[in-house]
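One-based numbering along the sequence shown. Atoms within a ligand are numbered from 1 in the order they appear, just like the ligands themselves.
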Amino acid sequence: MTDECPEQQPGDPGAGPVARRLKVLIARDELAREVQRLAQEITRDYHGKNPLIIGILKGSFVFLADLIRLLDFPVEIDLVRLSSYGSATVSSGKVKMVHGLETSVRDRHVIIVDDIVDTGLSLSHFATYIKRRRPTSVKTCTLLDKPSRRQVKINVDYVGIAIPDKFVVGYGIDCNEAYRNLCDICVVEE
Ligand code: IMP
Ligand code: MG
């Protein structure tokens, strides 16, 4: 099933949601507090371990950029691009790696960073892919979690905020490539 994204706005400014169909779900101050909390936990667990942090594009790029600047130790970053949605608001259930890793994960402590865990299919597929490449350890981190939508059992180690089953945008997260530049997480109202 595919629900088309509501009409796109012609370039919202980053200052806030101006389109009529957006409702703030998580304001920027709360996001900042959560990112700070996650960074503190990760700093506590990884200090001195030189982890490789792998961001899943595109949705996690804003979260990743804020998170890593709060980590108080050296880190390395790699990025992959997974795709499971196309232009729909409901997951197709198929996970494709559109752009792969450039760094070896062998004998590394790896932290995978995603924007939202929804069905859990993307993160679970990707964590399995990484584990097969013999890292020292693998942990997962997500800004948002939609536990009610889960289709596979997956343990996420660092979870920001649990949200209801709503389609959200902003802070890097899109609907048909729109709204990534919003500073708050908003619900797109149909
Ligand atoms: P999953 O494989 O169903 O867990 O979801 C994978 C990806 O779908 C997430 O990392 C997001 O990039 C995207 N996604 C899930 N829910 C939403 C949403 O509400 N808005 C925008 N993208 C979403
Ligand atoms: Mg994602």
Counting from 1, what ligand 1 atoms have a heavy atom of [X] closer than 4.0 Å?
X: Lys146; result: 16 (N), 17 (C), 18 (C), 19 (O)
X: Ser122; result: 1 (P), 2 (O), 5 (O), 6 (C)
X: Asp174; result: 21 (C)
X: Thr119; result: 1 (P), 2 (O), 3 (O), 4 (O)
X: Lys166; result: 19 (O)
X: Ile173; result: 20 (N), 21 (C), 22 (N)

Does the side chain of Leu71 come within less than 4.5 Å of Ile53's, by heavy atoms? yes
Measuring only between side-chain heavy atoms, which start at C-beta, is Arg150 closer than 4.5 Å to Asp145? yes
Worked verdict on Thr136 versus His109 for side chain to side chain donor-acceptor pair (under 3.5 Å): CA-CA 5 Å; Thr136 307; His109 292 286; 4.9 Å; no
Taking the Mg ion (ligand 2) as the reference point, name the nearest N/O/S atom of Asp115. OD1
Please find the N/O/S atom of Asp114 nearest to the Mg ion (ligand 2) and write down its name. OD1
Check this for me, if you would: do Arg33 and Glu30 make a salt bridge, where the nitrogen-to-carboxylate-oxygen distance has to be below 4.0 angstrom? no
Record the part of Asp115 in heavy-atom contact with ligand 1 below 4.0 Å; permitted values are side chain, backbone, both and neither. side chain
Between Asp118 and ligand 1, find which residue part has any heavy-atom pair under 4.0 Å and reply side chain, backbone, both or neither. both
Going by the angle between their ring planes, with limits at 30° and 60°, are Phe63 and Tyr171 parallel, tilted or perpendicular? tilted
Does a sphere of radius 6.0 Å around CZ in Arg37 hold more than 12 heavy atoms from other residues, nucleotides or ligands, not counting ones at 6.0 Å or beyond? yes
If you measure every N/O of Val117 against every N/O of ligand 1, is any gap under 3.5 Å? no
For Tyr46, does the six-membered ring have the charged nitrogen or CZ of Lys49 within the cation-pi criterion, i.e. under 6.0 angstrom from the centroid and within 45° of the normal? yes
Are Arg133 and Tyr129 in a cation-pi contact, defined as NZ or CZ under 6.0 Å from the six-membered ring centre and within 45° of the axis? yes
Do any heavy atoms of His125 fall under 4.0 Å from ligand 1? no
Contact between Val168 and ligand 1, counting heavy atoms under 4.0 Å? yes
Between Asn176, Ile116, Ile154, flag the one that comes closest to atom 9 (C) of ligand 1 by a heavy atom. Ile116
